[in-house]
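Worksheet: one structure, shown below.
In the text below, chain A, chain B and the rest are named by the order of the sequence lines, each starting its count at 1.
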There are 2 protein chains.
Amino acid sequence: MGDGMSQTVDRALTILASLGEGPASLEQAAGRIGVHKSTALRLLRTLEEHGFVHRQSDHRYRLGGRLFSLAQQALEGIDVRQVSAPYLASLNERYGHTVHLAVLEGAEVLYLDKVEARYPCSDSWLGPASRIGKRAPAAATAAGRVLLADLSEDQLAAALENQEFPARTPRSLRSADELRTELTAVRRQGWALDQGEYEEAVNCVAAPIQGIDGTAIAACAISAPARVASVSELSRLLPELLCTVEAVSLAYGGSPTPRWCENRCGAKHAVRASHT
Amino acid sequence: MGDGMSQTVDRALTILASLGEGPASLEQAAGRIGVHKSTALRLLRTLEEHGFVHRQSDHRYRLGGRLFSLAQQALEGIDVRQVSAPYLASLNERYGHTVHLAVLEGAEVLYLDKVEARYPCSDSWLGPASRIGKRAPAAATAAGRVLLADLSEDQLAAALENQEFPARTPRSLRSADELRTELTAVRRQGWALDQGEYEEAVNCVAAPIQGIDGTAIAACAISAPARVASVSELSRLLPELLCTVEAVSLAYGGSPTPRWCENRCGAKHAVRASHT
DNA sequence: ACCGTGCGTTGCACGGGCTGCAATGGCCAA
DNA sequence: TTGGCCATTGCAGCCCGTGCAACGCACGGT
């Protein structure tokens, strides 16, 4: 396959991923990745030994508990998540909208945390169907663009390599050039806006959280269905959002303002840190 | 090492697990599992290709986003979790104690869901440090014994093979025989009690949720620090707990009462299902 | 009871892929 | 520039992963 990678491990991980779509018998699992039964058996046994898959009583394999514990362990290791949690909750309490915490991973954003809207919301993106761990193309989301805006030109070029710009909605950016233009604006203003570019009926504002060296390590985003909050209504929350990310940045030991932006609020941040 | 399993995959998974303890450079990662750097490089590249590890800008490896998405996907696939969530929340709301949902995996219980106590609780087992995905020896917990009680003698013997019975606390069961005696009692009464056997200062009551074929597919447990609720106080919640698991079993399409128990409450179940 | 079928499991010979050594390249600091 | 450190690459040897085939077992139909 690709050069410099292990075929065996590749197959094992493929089989693991395939189990994410539901439990499977040995033969099904082997079929899904196109190897012989005995091969799949050995891979599955190894995965089972490590607890990544578990064999239920009907001899079918399903994802195992080790996956959960590792994922949790990894989440706990991300301290920006701990630090920002009470701030996200505070933002949510005040306006009721969905609040996300996201980081950049390659050309995708990875949602590390989420506080669900305080109003019923069946949208696939904001509702309970959207979960921690979900990913989305960075260029198509406000949080993603805030994080992309912090990359150097080299890093950006590397991240965008081979990236598509699909027209998810009529407003989606369609090329790297359009994106770069947008990123320039994001850098200038210190925040990003998503007017139904990823999901037609969902608007979103996002701002970066600064790490200890001044780089953006995460983004905080407020999202709402268009029928609940228009873009201009969301924009009205910007000062509060900017204050929040500033506070998180300080709490995290980072610099309060992005390297590429000056005009920020300097208000005091009263956050009820209700964590244990 | 062990027979019938893949060395390469074994190493890859070991390296993955080791990353759970924190990011590592290539050399560190290789050192942790005792292989040559070039070997570790190939394994890590493969893991990276699949998104299970991610390379941060300083070239160090950390656990990747795929782990989160897979874990979430797996959790969503477990429908008993969805079904029981509102019931757990209801139990928690009424008494304020920590409520767990657990399944059996080999000789361990795996905690699938958790509603945290409504009072401050710094205990390592009940507090925020205990997370979804955590595991514990089945024999040492109320939830585990409820699930073990449902196994056939063959299954039980298989699960207990090579299991230790460490004296975690003075009250811990110390042998398979003691466990079997206890399981007989559990079967008779339809629930299990943990009087500080796993954690000295934590008591716990648990009852089984019945699947469609009458087997116990999960357990619901109420836990509280001893200084908040004594064993007798927790026991007073038993009728409510039994009603709850009965309701969940019905909602899940299972039989309301365990195969090995008759005297159950037959009260009506008013559960505010506040799910979306 | 018998056999057919389907599936999980095992044994084994072949060769492909994994392994680790050694060398190269890039980066930073002295 | 030099030296050290670390990631990365090339390569020869050979281990170990692979798939074929055979076996055991449970189930169900006749």
Inset, instruction - Under 4.0 Å between any heavy atoms, over every strand shown, what does A/Arg11 touch: base, sugar-phosphate, or nothing? Just pick one. - result: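 The answer is sugar-phosphate, as A/Arg11 gets under 4.0 Å only of primed atoms, P, OP1 or OP2.
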
Legend entry - A/Arg62/B/Glu105 salt bridge by N-O under 4.0 Å criterion: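 Yes, B/Glu105 and A/Arg62 are salt-bridged.
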
Legend entry - Salt bridge A/Arg66-A/Glu48, side-chain N to carboxylate O under 4.0 Å: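 No.
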
Could you state the [atom1]-[atom2] distance from [X] to [N], rounded to the nearest angstrom?
X: B/Ile15; N: C/dC18; atom1: CD1; atom2: P; result: 14 Å
X: A/Asp10; N: D/dG17; atom1: CG; atom2: C1'; result: 14 Å
X: A/Leu43; N: D/dG17; atom1: CG; atom2: C1'; result: 9 Å
X: B/Glu48; N: D/dA7; atom1: CD; atom2: P; result: 13 Å
X: B/Gln7; N: D/dC15; atom1: CD; atom2: C1'; result: 8 Å

Legend entry - Side-chain H-bond candidate by donor/acceptor type, A/Ser69 with A/Gln72, under 3.5 Å: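 No - no donor-acceptor pair under 3.5 Å links their side chains.
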
Legend entry - Stacked cation flag B/Arg168 on B/Tyr198, 6.0 angstrom / 45 deg: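 Ring-cation test returns yes.
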
Legend entry - Point-to-point distance, once rounded to the nearest 0.5 Å, from CD of A/Glu21 to CG of A/Leu63: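 Output value for this atom pair is 10.0 Å.
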
Legend entry - side chain to side chain donor-acceptor pair (under 3.5 Å) partners of B/Glu108, counting only residues at least two apart: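 Applying side chain to side chain donor-acceptor pair (under 3.5 Å) to B/Glu108 gives B/Arg135.
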
Check whether any side-chain N or O of [X] sits under 4.0 Å from OP1 or OP2 of [N], and answer yes or no.
X: A/Thr39; N: D/dG19; answer: yes
X: A/Thr8; N: D/dG17; answer: no
X: B/Ser6; N: D/dC16; answer: no

Inset, instruction - Mark up nucleotides 7-12 of chain C, 5' to 3', with B wherever a protein heavy atom is under 4.0 angstrom from a base atom, S wherever such an atom reaches only the sugar-phosphate, and - elsewhere. - result: SBBB--

